[in-house]
Every structure is written in C-alpha cells, then in structure tokens.
2 protein chains.
Amino acid sequence: MKTKNIKVTKQREIILDELRSLVTHPTADELYTNIKSRLPRVGLCTVYRNLERFYKEGLIGKIKGKPCRYDGKIESHNHIKCINCGKIEDLFVDIPVDTVEIDKLGYKLHSYKVEINGLCRKCNKESGRKKHVNKT
Amino acid sequence: MKTKNIKVTKQREIILDELRSLVTHPTADELYTNIKSRLPRVGLCTVYRNLERFYKEGLIGKIKGKPCRYDGKIESHNHIKCINCGKIEDLFVDIPVDTVEIDKLGYKLHSYKVEINGLCRKCNKESGRKKHVNKT
DNA sequence: ATGCAAATGATAATTATTATCATATGAAAA
DNA sequence: TTTTCATATGATAATAATTATCATTTGCAT
Ligand SMILES: [Mn+2]
Ligand SMILES: [Mn+2]
Ligand SMILES: [Zn+2]
Ligand SMILES: [Zn+2]
C-alpha cells in the first residue's frame with residue numbers, strides 16, 4: 001500500500017539514473033541540463049513532474065528551498081550547507097530529538113530533519129584572505 | 001558592528017509591532033492584510049522589504065518555505081508543523097548536535113535548525129473519524 | 001526654509017513551479 | 001497484428017512568491 005507501480009519510461013529511467021549518479025543535490029533545472037545530452041527532446045516540466053513523483057513514492061529525497069533540490073540518496077541523513085557558497089553536503093550524524101515537549105503539545109511525531117549551516121573548508125580559508133564573505 | 005541603526009518609520013513600527021503581537025507565524029501577505037487597518041496605504045512590497053530587513057538585522061525570525069513565514073520571537077526555539085493542516089507551533093526543546101562529523105568535513109558550524117513534522121491534536125482526532133488525511 | 005539621503009508604493013520583472021491540453025507511447029485486449 | 005485505452009510527454013500558458021525599478025515622498029540636518 002505504498003509504491004503504486006510506477007511505469008518505467010525512458011525519461012524516468014534517465015532522470016532517476018542521472019540523479020543517483022550525482023553526489024551533489026541538483027535543482028530540477030540543473031538535472032534537466034544534465035540529461036539533455038541523453039534526452040535532447042525532454043521538457044523541463046517532465047523533469048519536475050517525475051522528480052515530484054519519485055519524491056512522493058519515496059524513491060528520492062527533496063531539500064525544500066528556493067529552488068528545491070533533489071537527492072538520489074534516501075538513506076537517512078542530514079545536510080550541511082555552506083553559508084557562503086551554498087554548497088550542500090551529506091552529513092551522516094544521528095540527531096536524537098526528545099519527544100516530551102512534542103507529546104505535551106499533543107502532536108504525533110511524524111518526521112524531522114536538521115538544517116545545518118556552516119562555512120566550508122574552502123570558504124573558510126578564503127575568508128582569511130578576503131575582507132568580506134557571506135551572502136546568506 | 002551588527003545592527004546598523006535602522007531608521008524608524010511608521011510602517012516599520014507597525015509591521016514589527018504587529019508581527020510581535022502574533023503567536024502565529026504569518027506570511028508576508030498575511031501580515032500585510034493584518035496591518036491594512038492600521039496602514040491603509042501600505043504596499044505589499046514594503047512589508048516584504050522590511051521583513052527581510054528585520055530578518056537580516058536579527059530582529060525577527062524567518063521560516064523558509066513556500067511561502068516563507070516570519071516569526072516575532074527570536075529566542076532560540078524550534079518549530080513543529082502539522083503535516084495535515086500546515087499549522088506551525090513553537091517548540092522549546094534543546095536539540096544538541098554532535099559536531100564531530102561536521103569538523104571532519106572541515107566545516108565551521110554556524111547555526112542549525114530542526115524542522116519537525118507531526119500531526120496536531122486536532123488533526124489526529126479528525127483522522128480517527130475521516131477516511132483520508134494528509135496533504136504534505 | 002532647503003537640501004538630501006533614505007523609504008515608500010506603484011508597477012513591472014523575475015523565478016520557480018504547476019496546470020492545461022493536444023499528441024505520443026506502449027502494453028494488453030481483441 | 002491491429003485496435004484500444006490509460007498514461008506519459010512536451011509545448012505552452014498560468015500562477016505564486018518574491019524582487020527590481022523608479023518616480024515621489026518623508027523627515028531629519030543644515
Ligand atoms: Mn543528501
Ligand atoms: Mn516561532
Ligand atoms: Zn563554501
Ligand atoms: Zn493539524
């Protein structure tokens with residue numbers, strides 16, 4: 001009662017394959033650009049449509065934002081984003097949340113995710129030389 | 001070297017005052033609607049402009065999303081969002097993050113925030129009666 | 001009063017995403 | 001096989017949220 005047999009099409013195969021091949025977290029548009037060589041006639045909306053579909057089926061991850069980014073990895077993990085260059089990297093660290101307050105509020109916990117911001121090694125080095133960094 | 005003397009205008013006073021008076025987390029547009037009675041001639045973009053400005057000055061909080069929501073409370077706290085009705089409530093619970101992996105990756109930790117999703121009491125009750133819930 | 005920098009509000013532009021719809025596709029039925 | 005038919009696709013338009021532009025206004029400092 002979860003994954004309702006999603007039909008395999010050429011575009012779906014390629015979109016999913018391409019996303020899974022990346023260690024980065026591309027936007028729909030970036031992925032669209034990437035697959036153009038393999039699928040010259042694909043439309044951007046097909047990419048959006050299928051990424052959204054995959055996400056709802058639990059096949060891929062999604063990092064909400066403006067723009068949203070997608071993630072080929074679905075093993076539970078978090079992300080750290082560089083506040084300077086915007087890069088997002090995987091972070092495999094368990095973050096336990098105490099549910100006492102959640103229970104008190106009367107909520108039934110469903111899921112949670114930690115959004116971590118930091119300065120990556122590269123930007124950190126550069127900030128030592130330059131005057132100004134940052135563009136959150 | 002932080003808050004660079006933000007000029008006080010009538011619209012700024014009212015926008016900030018109104019936001020601070022709310023326990024909810026309004027969107028720019030909702031706040032705009034709210035202040036119409038006090039500032040009939042204000043423009044939506046002034047609301048956006050100043051909320052963004054306040055946020056950058058650290059005077060208010062911002063919950064990124066589509067649409068973004070603003071928060072008059074700046075004491076460190078997290079939020080829990082109902083996956084059914086979309087309501088966002090404050091959650092005062094300390095969530096410690098182990099920085100070992102972050103250090104390993106070479107990042108300098110800046111901030112982090114936990115996005116918790118759950119089913120609120122009201123929606124939970126209703127889901128007992130109704131067939132379908134959910135619209136993440 | 002006058003000058004002037006900053007803020008405002010009207011408007012247009014942009015960005016990201018979603019909706020609409022005619023056509024294409026491809027597996028299953030006949 | 002041809003036909004059927006549900007689903008997917010891609011072109012296009014629409015929408016939502018936010019941001020940019022710019023002429024005008026505001027209100028402190030001369
Ligand atoms: Mn990831
Ligand atoms: Mn809050
Ligand atoms: Zn960086
Ligand atoms: Zn609810």
Side-chain angles (χ1 to χ4, degrees), chain A residues 3-19 24-57 59-71 81 86 88 115 135-136, chain B residues 3-19 24-57 59-71 81 86 88 134-136:
Chain A
T3 306
K4 39 178 153 272
N5 239 12
I6 177 160
K7 186 193 278 189
V8 177
T9 64
K10 188 129 195 176
Q11 13 297 75
R12 282 182 180 157
E13 278 185 314
I14 291 177
I15 290 168
L16 196 50
D17 178 73
E18 185 71 27
L19 177 59
T24 59
H25 302 85
T27 63
D29 198 65
E30 283 164 359
L31 203 57
Y32 168 67
T33 301
N34 283 357
I35 62 174
K36 274 286 188 62
S37 51
R38 293 213 262 167
L39 274 178
R41 304 197 42 73
V42 78
L44 173 58
C45 84
T46 297
V47 176
Y48 268 108
R49 191 156 38 204
N50 286 319
L51 286 173
E52 214 46 42
R53 180 82 185 271
F54 294 152
Y55 172 63
K56 281 186 184 126
E57 300 284 346
L59 294 175
I60 65 173
K62 180 176 179 177
I63 302 172
K64 283 162 190 163
K66 222 173 33 145
C68 292
R69 295 181 168 275
Y70 296 87
D71 193 340
K81 178 176 178 177
I88 294 176
E115 180 198 304
K135 189 172 284 182
T136 315
Chain B
T3 305
K4 38 179 156 277
N5 241 12
I6 176 162
K7 185 192 279 188
V8 178
T9 63
K10 189 129 198 176
Q11 15 294 74
R12 281 182 180 159
E13 278 185 313
I14 292 178
I15 290 168
L16 196 50
D17 178 73
E18 185 70 28
L19 177 59
T24 59
H25 302 85
T27 64
D29 197 66
E30 284 165 359
L31 203 57
Y32 168 67
T33 302
N34 282 358
I35 62 174
K36 273 284 186 61
S37 51
R38 292 213 261 167
L39 273 179
R41 305 199 40 75
V42 77
L44 173 57
C45 84
T46 297
V47 176
Y48 268 108
R49 192 156 36 205
N50 287 319
L51 285 173
E52 214 46 41
R53 180 83 185 270
F54 295 152
Y55 172 62
K56 281 186 184 129
E57 299 284 346
L59 295 174
I60 64 173
K62 179 176 180 178
I63 303 172
K64 285 164 188 161
K66 227 179 21 154
C68 291
R69 294 178 168 277
Y70 296 87
D71 192 341
K81 178 177 180 179
I88 294 176
N134 227 330
K135 188 172 286 180
T136 315

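Residue numbers start from 1 in every chain, and the chains themselves are labelled A, B, ... in the order their sequence lines are given, proteins ahead of strands. Only this structure's heavy atoms are used, side chains among them; waters, hydrogens and symmetry mates stay out.
- How far NE2 of B:His25 is from CG of B:Leu19: 9.0 Å, rounded to the nearest 0.5 Å.
- Rounded to whole angstrom, the span from the CD1 atom of B:Ile15 across to the C1' atom of C:dG9 amounts to 12 Å.
- For the atom pair NZ of B:Lys66 and NZ of A:Lys66, the computed distance is 10.5 Å after rounding to the nearest 0.5 Å.
- Across the helix from C:dA1-D:dT30 to C:dA30-D:dT1, the helix axis at one end is tilted relative to the axis at the other end by 10° (nearest 10 degrees, each axis from five pairs).
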**OP:** Quick one, give me the B/S/- string for nucleotides 5-24 of chain D, reading 5' to 3', where B means a protein heavy atom under 4.0 Å from the base and S means that only happens at the primed atoms, P, OP1 or OP2.
**Re:** ---SBBB-----SBBB----

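- Distance CD1/A:Ile63 to CD1/A:Ile88: 4.5 Å, rounded to 0.5 Å.
- Look at CD on A:Glu13: it is 14 Å from C1' on C:dG26, rounded to the nearest Å.
- Once rounded to the nearest 0.5 Å, the distance linking OG1 of A:Thr46 with CG of A:Leu39 reads 9.5 Å.
- The side-chain heavy atoms of A:Lys64 and B:Lys64, taken from C-beta on, include no pair separated by under 4.5 Å.
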Table please: side-chain donor-acceptor pairs of residues 8-16 of chain B below 3.5 Å, with sequence neighbours left out.
| from | atom 1 | to | atom 2 | distance (Å) |
| --- | --- | --- | --- | --- |
| B:Thr9 | OG1 | B:Arg12 | N | 3.1 |
| B:Arg12 | NE | B:Asn50 | OD1 | 2.8 |
| B:Arg12 | NH1 | B:Lys7 | O | 3.0 |
| B:Arg12 | NH2 | B:Asn50 | OD1 | 3.3 |

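- Rounding to the nearest 0.5 Å places NZ of B:Lys36 at 12.0 Å from CG of B:Leu31.
- Looking at heavy atoms from C-beta onward, A:Glu30 lies out of side-chain contact with A:Thr24 at the 4.5 angstrom threshold.
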